[in-house]
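Computed over heavy atoms, backbone and side chain alike; hydrogens, waters and symmetry mates excluded. Keep in mind that what you see is a predicted model, and the values were worked out from it rather than measured.
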Amino acid sequence: KGNDTGGIIAFSLAQQADARQLAVDHCASYGKVAKFLAVQAQEGGYISFACRSVPYGAAERPLVTLY
């Protein structure tokens, strides 16, 4: 779950899918890049991330991967 400022990924989902790619794709949909903040590596825990503006000097939007 998340919005244009960031979000969280359930730790149980992160064990089944690539959490980094989920966060990158989520933030890229808002034209931003992902920055990971914290991990609770336990059942019921989560991975939190922030969506940050593209750094100065970047000429293009973040890449979006195709499956």
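The nearest pair of heavy atoms linking C27 to A50 is SG-O, 4.0 Å. Shortest non-hydrogen contact noted between D4 and C51 is O-CB, 3.3 Å. For the pair R52 and K32, the tightest heavy-atom approach, listed with the atom from each and the gap, is O-CB, 2.9 Å. Looking at every heavy atom in both residues, L22 comes nearest to A17 through CD1-CB, 4.1 Å.
Counting only residues at least two apart or on different chains, no salt bridge (charged side-chain N to carboxylate O under 4.0 Å, His left out) pair has a member in residues 36-48. Every pair tested for ring-ring contact (aromatic ring centres under 6.0 Å, His included) that includes a residue from residues 1-23 fails, sequence neighbours excluded, so the list is empty.
For S48 (side chain) and A38 (main-chain N/O), a donor-acceptor pair under 3.5 Å exists by modelled atom type.
Interatomic distance, D18 CG to D25 CG, rounded to the nearest 0.5 Å: 9.0 Å.
Placement of L37 and I47 in two distinct hydrophobic clusters is found when ILVMFWY residues are connected by side-chain heavy-atom separations under 4.5 Å, directly or transitively.
Evaluation of the side chain to side chain donor-acceptor pair (under 3.5 Å) rule for T5 yields N3 as partners, not counting sequence neighbours.
Between F36 and F49, the ring planes lie tilted relative to each other; the angle falls in the 30° to 60° range.
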